[in-house]
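For reference, the structure discussed in these notes is given below.
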2 protein chains.
Amino acid sequence: MTKMSDVAKLAKVSTATVSRVLQKPDTVKEETKKKVLEAIKKLDYQPNILARNFRRLETKTILVVMPNILNNVFSEIVVGIDYEATKNGYQVILGNTMLEEQRAHGFMNHLKQKQVDGMILLTARVDIDDLVKVANEYPLVLVSDYLEESDLVTTVAINNMKDSYTITEHLINLGHKKIAHISGPLDMSICRDRLSGYQDALMDHDIHIQYDYLTKGDYSFQSGYDNTLNLLALQNPPTAIFAASDIMAMGAIKAVKSKGLQVPHDIAVVGFDDVEFSKIFEPALTTMAQPFFDMGKTAMQLLKQKIVGEQVQNQFIELKSELKTRESCGFNLK
Amino acid sequence: MTKMSDVAKLAKVSTATVSRVLQKPDTVKEETKKKVLEAIKKLDYQPNILARNFRRLETKTILVVMPNILNNVFSEIVVGIDYEATKNGYQVILGNTMLEEQRAHGFMNHLKQKQVDGMILLTARVDIDDLVKVANEYPLVLVSDYLEESDLVTTVAINNMKDSYTITEHLINLGHKKIAHISGPLDMSICRDRLSGYQDALMDHDIHIQYDYLTKGDYSFQSGYDNTLNLLALQNPPTAIFAASDIMAMGAIKAVKSKGLQVPHDIAVVGFDDVEFSKIFEPALTTMAQPFFDMGKTAMQLLKQKIVGEQVQNQFIELKSELKTRESCGFNLK
DNA sequence: CTGTTAGCGCCTTCAG
DNA sequence: CTGAAGGCGCTAACAG
């Protein structure tokens with residue numbers, strides 16, 4: 001491994017000068033610089049980044065913790081983070097917890113140990129006290145998911161309650177009154193909010209909330225499928241189903257079809273997220289499109305501010321979703 | 001930032017002892033160890049990993065370079081890598097090139113600069129000379145994709161030619177003679193091999209290869225769609241289409257449907273990969289299931305051997321795929 | 001079993 | 001504009 005002193009020797013300068021050529025080339029005389037650069041080239045010198053990181057106490061790396069790499073919702077956010085990070089000279093590394101809360105805390109240690117300059121969490125399913133503590137001491141941003149007390153940690157997310165209200169209202173406007181909901185895991189604020197938005201919309205339109213229409217899924221295709229089967233078996237089954245994620249909506253549609261019924265003809269289904277696949281699926285999903293790319297990008301911008309030390313107030317940044325009307329919920333029933 | 005010397009002072013021992021407690025606890029007397037651990041706890045001491053990495057010249061981190069984080073084929077391999085890496089105390093970081101070859105070389109620099117202990121590449125679309133050179137000097141394993149001369153770099157992959165032959169033969173056995181192919185990008189060995197396997201199968205069964213049945217896709221849904229539209233417009237359209245990836249197969253099916261035709265009734269379609277979604281898609285895809293998890297796991301095992309310095313011969317590890325017969329290619333035409 | 005010592009390679013004053 | 005010198009925090013001999 002050739003090191004800086006080798007370069008210095010060959011170029012007949014000091015290591016300080018080599019370092020300067022690398023860091024602040026403008027402060028070095030043209031001629032000297034040339035000598036040094038030649039030596040670097042000749043020796044194929046690569047600076048030892050480990051030593052540099054150690055010395056500088058920074059890594060130019062940020063860690064993104066995602067709960068499930070196989071869920072494209074998260075991958076799409078990562079693309080936005082990656083875009084903004086690369087633009088600013090940061091490297092992105094991904095931590096995948098596979099839904100194990102403990103692993104998320106392992107990753108937080110990396111932040112504490114300065115193995116990375118900052119961290120973006122795509123899940124709030126962690127020990128909250130620890131999270132808040134870490135977020136106050138180190139650069140950390142939460143995206144998509146959030147805490148009940150949303151101003152404890154800087155957060156970028158959509159307004160799940162409002163968006164959920166909107167999509168439910170869309171079904172109501174289409175003439176539906178018997179609308180069921182398949183929620184995500186209710187230990188997530190984000191899922192509770194989607195549930196609330198749904199309930200609020202019904203109430204505001206004087207529609208009675210029927211409790212056997214409220215089912216609990218876990219974001220998986222299978223849970224969308226199973227819950228729908230149960231809903232269809234009800235004495236008075238719903239005419240519309242609002243699933244809290246596209247994947248569950250797809251499961252719901254599969255279940256409807258399995259009973260020989262048609263979507264949207266016999267029953268309308270809407271999802272939430274607008275992952276890539278929702279357009280391809282048949283029928284194409286009517287869903288609430290989250291601004292994934294922007295969420296990632298915005299989160300990285302805030303994180304960078306924190307890293308470079310601008311005193312950023314903890315804040316909750318709300319981004320706008322967009323209702324995508326496609327085939328799965330059909331047209332006016334009235 | 002509290003450091004090791006602080007702990008040493010509080011525990012009234014030397015830093016060497018503190019270090020030993022952390023590294024080789026067995027070599028320290030029980031009593032001393034207790035004192036040190038107490039001091040660590042009291043001060044909430046976190047070792048400076050940057051310093052440690054620097055000192056040890058290792059990071060216990062491996063870098064996985066994937067061409068497209070949104071393509072689940074790669075994510076599924078990563079899960080296997082992650083599993084094996086975590087088991088062995090390695091951290092996985094992901095580099096996403098978004099199909100830009102240059103970025104892959106940027107990541108190789110990280111390896112050269114010892115920012116990571118090893119590297120797993122999920123694409124061979126890079127400068128080959130550079131790749132071979134790096135692979136000979138540093139721990140590197142290629143997965144899924146491979147070089148023309150496949151023994152230049154340690155590689156884990158399936159036998160694309162054989163698997164492609166198998167799935168083509170499956171169509172032939174079903175009675176098809178007019179079989180079209182939608183290939184992936186032909187600058188990838190993997191795609192050329194899939195094309196070859198297809199051609200070999202036809203030839204072995206004395207089926208004339210019709211050149212307007214050979215179309216070139218790029219792994220995208222859209223390219224599957226467009227190419228299929230072209231195939232259907234032929235004077236003598238095929239009765240079956242073999243797409244070199246599931247996503248393209250889905251595009252193909254969409255195109256068939258858009259013409260008012262049915263799959264598999266009017267035209268059979270098969271894919272390749274067996275991503276999660278292929279089961280959900282309608283009709284469910286007949287496809288060649290790659291052992292993604294095992295590929296990732298095996299690659300990580302080999303990489304670890306290289307990292308710890310076992311002289312591993314460059315080798316090509318071949319894993320077995322499995323034909324999944326589902327709905328999209330129907331039954332015997334005979 | 002424990003302490004002393006000597007760096008790892010780089011960056012950053014501080015002088016000149 | 002350049003060089004000398006010190007030290008970041010940790011670990012690995014080497015003694016004792």
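In what follows, every chain begins at residue 1, and chains take the letters A, B, ... in the order their sequences are listed.
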Next item on the list: May I ask you to verify whether the side chain of A/R55 and the base of D/dG9 hold a donor-acceptor pair under 3.5 Å?
Entry: no
May I have the distance from [X] (atom [atom1]) to [N] (atom [atom2]), rounded to whole angstrom?
X     : N      : atom1 : atom2 : value
A/E30 : D/dC1  : CD    : P     : 10 Å
B/K35 : C/dC1  : NZ    : P     : 15 Å
B/K24 : D/dT11 : NZ    : P     : 10 Å
B/E58 : D/dC10 : CD    : P     : 16 Å
B/K12 : C/dC1  : NZ    : P     : 22 Å
B/M4  : D/dC8  : CE    : C1'   : 14 Å
B/L57 : C/dG9  : CG    : C1'   : 9 Å
B/R20 : D/dC10 : CZ    : P     : 15 Å

Kindly say if [X] contacts the phosphate of [N], meaning a side-chain N or O under 4.0 Å from OP1 or OP2.
X     : N      : answer
A/K29 : D/dC1  : no
B/T17 : C/dT2  : no
A/R56 : C/dC11 : yes

Note to self: Heavy atoms only, 4.0 Å cut-off, all strands: where does B/V18 land among base, sugar-phosphate and nothing?
What the structure shows: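 It contacts nothing in the nucleic acid.
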Considering only NZ, NE, NH1 and NH2 on the basic side and carboxylate oxygens on the acidic side, decide whether [X] and [Y] come within less than 4.0 Å.
X      : Y      : result
B/D117 : B/K60  : no
B/D82  : B/K87  : no
A/D187 : A/R125 : yes

Check: Which parts of residues 40-49 of chain B get close to DNA chain C, meaning a heavy atom less than 4.0 angstrom away?
Finding: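 Here the set is empty: none.
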Check: So among B/Q315, B/Q305, B/K306, which one has a side-chain hydrogen bond (donor to acceptor under 3.5 Å, both in side chains) with B/T154?
Finding: B/K306
Checklist line | Smallest separation among heavy atoms of A/A124 and A/L147, with atom names | finding: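 Between these two residues, the closest heavy atoms are CB-CD2, 4.1 Å.
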Notebook entry, point to check: Can you tell me if CD on B/Q102 sees more than 12 non-hydrogen neighbours from other groups inside 6.0 Å?
Noted result: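 Not more than 12 within 6.0 Å, no.
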Margin query: Under 3.5 Å, is there a donor on one side chain and an acceptor on the other for A/N68 and A/Y219?
Written below: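 Distance-only check fails for A/N68 and A/Y219.
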Check: If you pin B/F54 and B/D26 to their nearest nucleotides in DNA chain C, which one's is more 5'?
Finding: B/D26
